[in-house]
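What you see is a predicted model, and the numbers here were worked out from it, not measured in a lab. The first residue of the sequence shown is numbered 1, and numbering continues consecutively from there. All heavy atoms count here, side chains included; hydrogens, waters and symmetry mates do not.
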Amino acid sequence: MDRFILEGGRPLSGTIRVNGSKNAALPLLAAALLTDEPVTLRDVPDLADIRNMLRLLAELGCGRTNGADPHPDNPDNPDAPDAPLGDPVTLHAADESRCHARYDIVRTMRASICTLGPMIARRGKARVSMPGGCAIGDRPVDLHLRGLRALGATIALEGGDIVASAPAGGRLRGATVFLGGPFGSTVLGTANVMSAATLAEGTTIIESAACEPEVVDLAALLGKMGAEISGAGSPRIVVRGVDRLHGADHAVIPDRIEAGTFLCAAAMTRGEVTIENCPIDTLLAAVDRLEHAGVSVETLGDDPLHATCRVSAPDTLRPIEVTTQPHPGFPTDLQAQFMAMLALADGNSVITERIFPERFLHVAELGRMGASLFRAGPTVVVSGVSKLTGAQVMASDLRASACLVLAGLAAEGTTIVNRVYHLDRGYAKLEERLRPLGASIVREGESA
Ligand code: EPZ
């Protein structure tokens with residue numbers, strides 16, 4: 001398993017570009033299952049999760065028509081590295097007979113669940129392994145199933161699989177469904193139900209829909225494919241079903257969580273960084289918190305989804321309060337990164353996690369680096385310290401890994417972040433992209 005070796009204490013400066021969004025690209029790729037025509041996506045990030053989704057879609061008869069399918073066990077040359085993903089990615093669901101998303105792929109990427117709605121709607125049936133929990137907590141899919149059942153799907157659980165079918169005759173029926181749960185809305189649940197509703201007979205109203213930018217991006221692609229959707233980005237989405245969808249060409253929105261991670265990196269290394277292709281309009285809650293901490297974020301350009309942002313850090317970070325909420329509130333996916341940054345603030349900050357109350361595996365690891373953290377249930381008091389010190393730490397999940405890399409960039413001395421395969425799920429070649437900013441970070445393979 002690869003690990004990162006970092007020498008910290010070096011302010012970051014220079015320019016870095018934000019990649020396409022992982023969390024937008026995954027449901028966008030699954031939307032190719034809704035048509036028998038090719039769907040082309042541009043700026044798809046080259047990430048482990050994306051490659052897993054492409055493998056799953058290929059197994060479901062929806063393979064790439066351009067570029068090599070990045071299949072790891074290449075029979076000709078098993079030692080060959082994965083071919084670069086290439087851009088764009090064009091998918092074509094040429095074979096609609098295979099509808100089983102198997103456990104051994106779904107267990108590596110729970111976002112596989114977003115193939116469920118498109119397959120039921122288009123193919124009339126689907127078998128998708130039930131995604132398990134993960135390091136950030138229990139990850140139920142009850143809201144997904146509630147929404148799909150409201151559209152007339154019959155859903156049973158058999159041997160750990162979700163076995164679903166459309167009503168006799170094969171077409172879902174539009175309905176009104178409340179999709180809110182104890183933690184608010186569901187992002188991928190909204191994606192599943194909205195996608196399925198595009199081919200249903202009649203009109204669907206999704207109440208308490210997720211408002212995340214990734215849902216808006218999916219609605220934009222579905223609209224290009226011929227779907228009739230209004231209200232995406234608001235808590236009420238209305239979908240008028242159509243008989244069929246056609247192919248489309250769409251560019252993935254930039255990754256707001258990657259952008260937010262870079263903002264934190266600049267702030268906590270007391271650097272000055274220019275971030276290109278920054279979807280600043282989707283980060284207003286995070287920018288509000290950064291500015292309260294004394295960080296300056298200047299936006300250039302006139303496209304708020306592809307802006308150029310210049311971020312500069314104060315000599316001293318002010319302590320703040322952060323509470324994660326569904327969009328447009330502060331994103332849970334930036335909670336760990338902000339904790340790393342606030343570990344160096346001048347005073348006590350309070351972070352409360354309202355989406356995944358157990359999302360704190362990074363707390364113990366930050367403590368090993370000298371952070372002073374006090375957890376009480378879903379809340380952590382971050383008592384700022386003057387410095388962090390390098391240590392060996394263990395990555396546990398995607399955003400906790402990013403948090404530890406940020407801490408290593410700011411800490412005095414050497415930090416080793418183990419199990420960076422967690423990081424590779426959501427950040428493409430991060431070490432190669434941070435080095436031009438002055439970071440001392442190298443990847444060390446298992447063989448070293
Ligand atoms: C998406 O996951 C993101 N993943 C997550 O990002 C992100 O943290 C999450 O949304 C919240 O913003 C992708 O888009 C691939 P949810 P999703 O359904 O859709 C509960 C990352 O780091 N819930 O919005 O699976 C759930 O337990 C990842 O990039 C139910 O109770 O999350 C949670 O408490 C991590 N029943 C809350 O809702 C359900 O049926 C929000 O979950 C579904 C969810």
Separation of [Y] [atom2] from [X] [atom1] (nearest 0.5 Å):
X	Y	atom1	atom2	answer
Ser440	Glu431	OG	CD	12.0 Å
Thr115	Leu34	OG1	CG	11.0 Å
Met53	Leu60	CE	CG	9.5 Å
Thr261	Leu430	OG1	CG	8.5 Å
Asn192	Leu145	CG	CG	9.0 Å
Leu29	Asp49	CG	CG	11.0 Å

Is the backbone of [Y] close enough, under 3.5 Å, to the side chain of [X] for a donor and an acceptor to pair up by distance?
X	Y	value
Asp255	Ile257	yes
Asn66	Pro88	yes
Thr190	Ala210	yes
Arg289	Glu321	yes
Asn19	Pro45	no
Asp397	Ala135	no
Glu444	Phe4	no
Thr269	Leu12	yes
Arg419	Arg3	no
Arg375	Gly377	yes

For the residue pair [X] and [Y], establish whether any side-chain heavy-atom pair is separated by less than 4.5 Å.
X	Y	value
Phe356	Phe183	no
Cys278	His306	no
Thr15	Val273	no
His327	Pro213	yes
Ser21	Pro254	no
Arg127	Cys99	no
Leu91	Thr65	no
Val216	Ile253	no

Inset, instruction - Could you check His422, Arg399, Arg433 and say which one makes a side-chain hydrogen bond (donor to acceptor under 3.5 Å, both in side chains) with Tyr427? - result: Arg399

Legend entry - Option from Asp43, Thr40, Asp217 for which side-chain hydrogen bond (donor to acceptor under 3.5 Å, both in side chains) with His250 holds: Asp217

Between [X] and [Y], what is the shortest heavy-atom contact and its length?
X	Y	result
Pro319	Asp346	CD-O, 3.3 Å
Ser208	Ser185	O-CB, 3.5 Å
Pro436	Glu432	CD-O, 3.1 Å
Ser396	Leu361	OG-CB, 3.4 Å
Ala259	Val18	CB-CG2, 3.8 Å
Gly14	Leu437	C-CD2, 3.5 Å

Assess whether a salt bridge exists between [X] and [Y], defined as any Lys/Arg side-chain N lying under 4.0 Å from an Asp/Glu carboxylate O.
X	Y	value
Arg359	Asp333	yes
Arg443	Asp424	yes
Glu258	Lys22	no
Glu59	Arg102	yes
Arg107	Asp104	no
Arg270	Asp315	no
Glu276	Arg17	no

Without placing hydrogens or testing angles, list every side-chain donor-acceptor pair under 3.5 Å for residues 382-394, not counting sequence neighbours.
from, atom 1, to, atom 2, distance (Å)
Ser383, OG, Asn348, OD1, 3.0
Thr389, OG1, Met369, O, 3.4
Gln392, OE1, Asn418, ND2, 2.8

Between [X] and [Y]: side-chain donor-acceptor atoms closer than 3.5 Å:
X	Y	result
Glu298	Ser296	no
Thr414	Glu7	yes
Thr352	Thr379	yes
Thr332	Glu353	yes
Thr324	Gln335	no

Legend entry - Neighbour count >12 (heavy atoms, 6.0 Å) for atom CZ, Arg146: yes

Legend entry - Val89: which of Val44, Val39, Asp46, Leu28 passes side-chain contact (heavy atoms from CB on, under 4.5 Å): Val44

Inset, instruction - Carefully, step by step, assess Leu263 and Val295 under the rule side-chain contact (heavy atoms from CB on, under 4.5 Å). - result: CA-CA 9 Å; Leu263 288 167; Val295 180; over 6 Å; no

Inset, instruction - Let me see the working for Ser401 and Val420 under side-chain contact (heavy atoms from CB on, under 4.5 Å), right down to the final yes or no. - result: CA-CA 7 Å; Ser401 318; Val420 290; over 6 Å; no

Inset, instruction - Starting from the C-alpha separation in whole Å, work towards a yes-or-no answer on side-chain contact (heavy atoms from CB on, under 4.5 Å) for Ile280 and Arg256. - result: CA-CA 8 Å; Ile280 197 71; Arg256 62 192 171 103; over 6 Å; no

Inset, instruction - Could you please spell out the steps behind the salt bridge (Lys or Arg N to Asp or Glu O under 4.0 Å) verdict for Arg42 and Asp249? - result: CA-CA 8 Å; Arg42 301 176 186 283; Asp249 187 314; 2.6 Å; yes

Inset, instruction - Check the pair Ile136 / Phe360 against side-chain contact (heavy atoms from CB on, under 4.5 Å), numbers first and verdict last. - result: CA-CA 7 Å; Ile136 65 176; Phe360 289 127; over 6 Å; no

